[in-house]
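Just so it is clear: chains get the letters A, B, ... in the order the sequence lines come, proteins before strands, and each one is counted from 1.
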Protein chains: 2
Amino acid sequence: MSLRHAVLGLIVELDGASGYDLMKLFEISLANVWTATQSQVYGELAKLTADGLIEVAAEGPRGRKEYRATDAGRDELRRWLVEEQPRPARRDGVLLKVFFLGQLEPERARAYLRDSAATMGERRDGLAALQQEVTWGDDNLSLYGRLTLEYGRRFFAMRKEWAEWAEAELARHAAPPEDADRA
Amino acid sequence: MSLRHAVLGLIVELDGASGYDLMKLFEISLANVWTATQSQVYGELAKLTADGLIEVAAEGPRGRKEYRATDAGRDELRRWLVEEQPRPARRDGVLLKVFFLGQLEPERARAYLRDSAATMGERRDGLAALQQEVTWGDDNLSLYGRLTLEYGRRFFAMRKEWAEWAEAELARHAAPPEDADRA
DNA sequence: CCTTGCATGTAATGGGTTACATGATTTA
DNA sequence: TAAATCATGTAACCCATTACATGCAAGG
């Protein structure tokens with residue numbers, strides 16, 4: 001149940017936000033951390049309100065509802081941070097394909113890995129560029145946002161290097177071993 | 001819909017398997033790639049059969065059903081491998097917590113990262129030990145299984161190093177800057 | 001006045017997790 | 001004969017995705 005804490009966490013950090021505000025945050029700052037659709041956000045706001053963890057603090061134009069965390073909500077966020085230990089995701093579509101790459105011709109398998117390496121390289125460069133562009137403030141979201149961005153950069157870099165290594169491994173296996181052949 | 005292709009892929013590679021066989025494979029060889037519960041496996045076998053991608057090739061003791069891929073099934077696996085491009089997961093519970101770590105006292109936040117680094121180090125070492133122990137064959141699952149295992153090792157290594165870096169960053173911010181103080 | 005953006009909600013469908021439920025075979 | 005293992009299946013519930021549906025407000 002992490003969506004709940006993502007929504008709650010943003011409301012606490014921003015000290016009040018509407019569903020619409022949250023959607024934008026999910027699209028931008030949480031994009032590489034936790035995704036959510038519009039209908040999930042509004043649904044979760046309703047549930048959090050029903051459970052007394054947030055409340056409507058103000059209503060604005062166009063039916064805008066500004067939510068703020070209650071004391072119970074802040075307690076719950078803290079409890080989640082301290083007590084609950086997340087288990088890393090155990091599902092990866094890219095790796096799943098690699099697992100079955102033996103079903104393709106070796107050349108196609110290698111092409112898949114080359115392709116993957118290129119994509120990962122682009123994403124790494126994209127995040128690296130972001131790191132250069134953004135001017136970071138002294139607030140919490142800046143500091144911790146910077147940490148997660150660096151994580152993303154390292155993640156893509158790792159994947160790129162791994163894909164290149166894997167491609168080379170396949171090449172090594174595809175080619176007849178030449179070592180013993182000649183001095 | 002990747003579970004479908006995970007099940008189908010295993011049946012193709014093994015050239016026949018029961019639901020029970022598949023469960024064990026999900027627990028062991030696919031553990032770091034794609035997880036599935038027992039009820040998912042049996043449910044998916046029923047759907048794949050209904051769609052004509054696999055069929056019951058033999059029945060054994062205790063109601064055991066050995067499934068084998070049909071031609072349509074092999075075609076579908078290939079199509080999935082070649083045509084469909086997976087998008088990397090965009091959800092990570094560990095990172096989500098880091099994003100909100102500003103809600104804790106700095107010392108607690110740093111403890112969380114130190115803890116995380118230790119856990120990741122253990123998991124990295126566990127996979128490294130596995131790599132040493134296992135004697136690899138020349139078959140496809142060995143070759144490609146070795147690639148995904150190495151991915152896992154690099155993944156945990158990256159996370160460990162990142163957590164250590166992040167912890168140091170927090171320390172840097174928590175401590176008053178001493179640089180300008182003295183020569 | 002028309003377009004863009006702000007703003008919220010619901011319904012249908014599918015996938016995933018947990019728990020329940022049952023029974024046959026092998027091995028100690 | 002008792003325990004472990006093999007073996008399959010169903011039901012309830014929750015979470016996520018996609019699509020549908022509506023309407024106000026501000027700016028050009």
Look at all strands and tell whether B:Ser18 reaches a base, only sugar-phosphate, or nothing, counting heavy atoms closer than 4.0 Å. sugar-phosphate

Pick the closest DNA chain D nucleotide for A:Gln38 and for A:Glu44 by heavy atoms, then say which residue is nearer the 5' end. A:Glu44

Considering only D:dT17, D:dG9, D:dA7, which nucleotide approaches the side chain of B:Tyr67 most closely? D:dG9

Measure the distance from CD on B:Gln40 to C1' on C:dG15 and round it to the nearest whole Å. 7 Å

Out of C:dG15, C:dA11, C:dG9, which has the shortest distance to the side chain of B:Met1? C:dG15

Separation of atom CG in A:Leu22 from atom C1' in C:dG9, rounded to whole Å: 15 Å

When the distance from CZ of B:Arg64 to C1' of C:dT26 is rounded to whole Å, what number comes out? 15 Å

Give the nucleotide from the list C:dG5, D:dT17, D:dT8 with an atom nearest to the side chain of A:Ser39. D:dT17

Just the rounded figure in Å: distance from C1' of D:dA16 to CZ of B:Arg91. 7 Å

In the structure I gave you, are the side-chain heavy atoms of B:Asn32 and B:Thr148 within less than 4.5 Å of one another anywhere? no

Just wondering, do A:Phe100 and B:Trp80 contact through their side chains at under 4.5 Å, heavy atoms? yes

Touch class at under 4.0 angstrom, heavy-atom based, for A:Lys47 against every strand present: sugar-phosphate

By nearest-heavy-atom nucleotide on DNA chain C, the more 5' of B:Pro61 and B:Thr37 is B:Thr37

Can you name the one residue among A:Arg78, A:Arg74, A:Arg79 that meets salt bridge (charged side-chain N to carboxylate O under 4.0 Å, His left out) with A:Glu76? A:Arg79

Minimum side-chain heavy-atom gap A:Leu14-A:Leu25 below 4.5 Å: yes

Nucleotide C:dT17, atom P - distance to CZ of A:Arg90 in whole Å: 12 Å

By nearest atom, which of the nucleotides D:dA16, D:dT8, D:dT5 is closest to the B:Arg62 side chain? D:dT5

Spacing of A:Tyr42 atom OH relative to D:dT22 atom C1', expressed in whole Å: 13 Å

Taking only side-chain nitrogens and oxygens of B:Lys24, does any of them come within less than 4.0 Å of OP1 or OP2 of D:dT5? no

Partner of A:Arg124 under side-chain contact (heavy atoms from CB on, under 4.5 Å), picked from A:Arg154, A:Met158, A:Arg153, is A:Arg153

Just the rounded figure in Å: distance from P of C:dA7 to CG of A:Leu45. 13 Å

Atom-to-atom span, CE of B:Met23 to C1' of D:dC6 - whole angstrom: 10 Å

